[in-house]
Amino acid sequence: MTIRQFKDVESGEINGLEDLEKPLIGADDEKIVVHHENGSIWMVLLCTFVAVCGSFEFGSCVGYSAPTQSAISEDLNLSLSEFSMFGSILTIGAMLGAVTSGRIADMIGRKGAMRLSAGFCITGWLAVYFSKGAVSLDIGRFSTGYGIGVFSYVVPIFIAEIAPKNLRGGLTTLNQLMIVTGSSVAFLIGTIIPWRELALTGLVPCIFLFVGLCFIPESPRWLAKVGQNKEFQVALRKLRGKDADITQEAAEIQMYIETLQSLPKTRMLDLFQPKYIRSVMIGVALMVFQQFGGINGISFYASETFASAGLSSGKAGTIAYACVQVPITVVGAMLMDKSGRRPLIMVSAAGTFLGCFMSGTSFYLKVSLNNYL
């Protein structure tokens with residue numbers, strides 16, 4: 001490969017990354033235009049719809065424990081610590097799923113990884129539905145956690161790889177929006193139906209995903225990466241339309257894959273080189289402190305948290321919590337490019353800190369006053 005070819009590929013990929021930053025919502029003077037050369041947009045939209053069923057499933061798993069705490073604890077005679085294990089073991093499974101997701105998606109493909117994830121989630125939900133005690137509950141919750149851990153990686157990767165450049169950023173934004181929507185729907189439905197039936201509703205996105213995967217192509221980039229050139233051409237033509245000229249895009253993908261394969265293999269220790277260490281520390285710290293901020297504790301046990309705060313029923317607080325999530329996510333998507341990432345992180349972190357601090361302080365004062373009186 002010549003230096004000129006390498007620069008052409010690098011330029012094309014940089015443009016692709018710029019397109020990834022475009023939000024789904026809120027472009028005032030920029031309209032998404034689907035040109036003829038992008039072919040049939042309907043197949044891309046179908047692929048995205050099928051993939052974000054995994055995102056919706058992610059939200060359903062996260063939102064399950066909040067509205068069901070009192071009912072599950074009462075029906076199965078669980079202690080507070082046993083239900084706390086049930087709620088939190090989801091994150092342990094998700095961590096393992098996230099760690100192994102990259103290798104899985106590379107070995108069996110993006111569609112194969114999504115099928116595997118849906119299989120773990122279905123197994124987990126059925127285990128929860130038929131549970132008679134804490135052990136089967138925890139096994140089911142852990143299984144769904146592993147499934148959504150894989151979903152968290154493969155869904156946005158698949159969408160980014162199948163979408164044309166002018167739609168890539170908008171469609172990948174749907175991933176986070178559907179996670180929040182799934183969580184909110186679980187909160188709302190959980191206040192109406194019993195906890196076993198709520199577990200069955202978690203099967204619905206997986207069923208849609210399984211069926212939908214039969215009608216959509218595999219990621220062309222993955223097919224090119226594993227050397228399935230004929231299938232790569234067929235998949236790309238399905239996504240862009242039978243009359244579209246895919247020659248240039250196919251050449252760019254092939255050239256980029258060849259460039260990646262020609263680069264020297266990197267090791268984990270390479271991240272700790274002086275030129276990378278500062279960026280790595282900042283990025284990892286942002287992710288770690290986001291998870292340790294405390295908001296997951298409130299989200300996983302929202303119903304009982306509101307009931308303990310003094311509300312006559314935790315359902316009202318849970319519904320209010322659910323109704324706030326989706327609009328705030330939409331606002332964040334609209335402000336992402338206008339305000340920048342850093343100001344949004346600072347504002348959201350400050351808001352999360354303030355909310356958690358006020359919640360903790362209010363419960364501390366309540367206990368102190370009760371002991372005093």
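Basis for what follows: all heavy atoms, side chains included, without hydrogens, waters or symmetry-related copies.
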Subject >> Test item: S101 side-chain N/O and A98 main-chain N/O as donor-acceptor pair under 3.5 Å >> reply: yes
**OP:** Taking K111 for its side chain and L213 for its backbone only, find out whether a donor-acceptor pair lies under 3.5 Å.
**Re:** yes
Original post:
Within a radius of less than 6.0 Å around CZ of F363, do more than 12 heavy atoms belonging to other residues, nucleotides or ligands occur?
Top reply: yes
Subject >> Under 3.5 Å: donor-acceptor pair, side chain of S362, backbone of S359 >> reply: yes
Subject >> Backbone N/O of F86 and side chain of R141: donor-acceptor pair under 3.5 Å >> reply: yes
Subject >> Donor-acceptor contact below 3.5 Å, side chain S183 vs main chain V180 >> reply: no
Original post:
Would you say the side-chain atoms of T100 and Y146 include a donor-acceptor pair closer than 3.5 Å?
Top reply: yes
Subject >> salt bridge (charged side-chain N to carboxylate O under 4.0 Å, His left out) partner of E249, chosen from R221, R237, R240 >> reply: R240
Subject >> Student check: side-chain heavy atoms of L200 and L203 closer than 4.5 Å >> reply: yes
Original post:
Within a strict 4.5 Å, meaning less than it, do heavy atoms of the Y64 and I72 side chains meet?
Top reply: yes
**OP:** Could you tell me whether the side chain of S143 and the main chain of I139 form a donor-acceptor pair under 3.5 Å?
**Re:** no
Subject >> Any donor-acceptor N/O pair, E218 side chain to R110 backbone, under 3.5 Å >> reply: yes
Original post:
Ignoring hydrogens and geometry, is there a side-chain-to-backbone donor-acceptor pair from S117 to V150 under 3.5 Å?
Top reply: no
Original post:
Any donor and acceptor pair, going by atom type alone, linking the side chain of R115 with main-chain N or O of F210 inside 3.5 Å?
Top reply: no
**OP:** Can you tell me which residue pairs pass the salt bridge (charged side-chain N to carboxylate O under 4.0 Å, His left out) test with a partner in residues 50-62, sequence neighbours excluded?
**Re:** none
Original post:
Is the CD atom of Q273 crowded by more than 12 outside heavy atoms at less than 6.0 Å?
Top reply: yes
Original post:
Hey, does the side chain of W125 reach the backbone of G140 with a donor-acceptor pair shorter than 3.5 angstrom?
Top reply: no
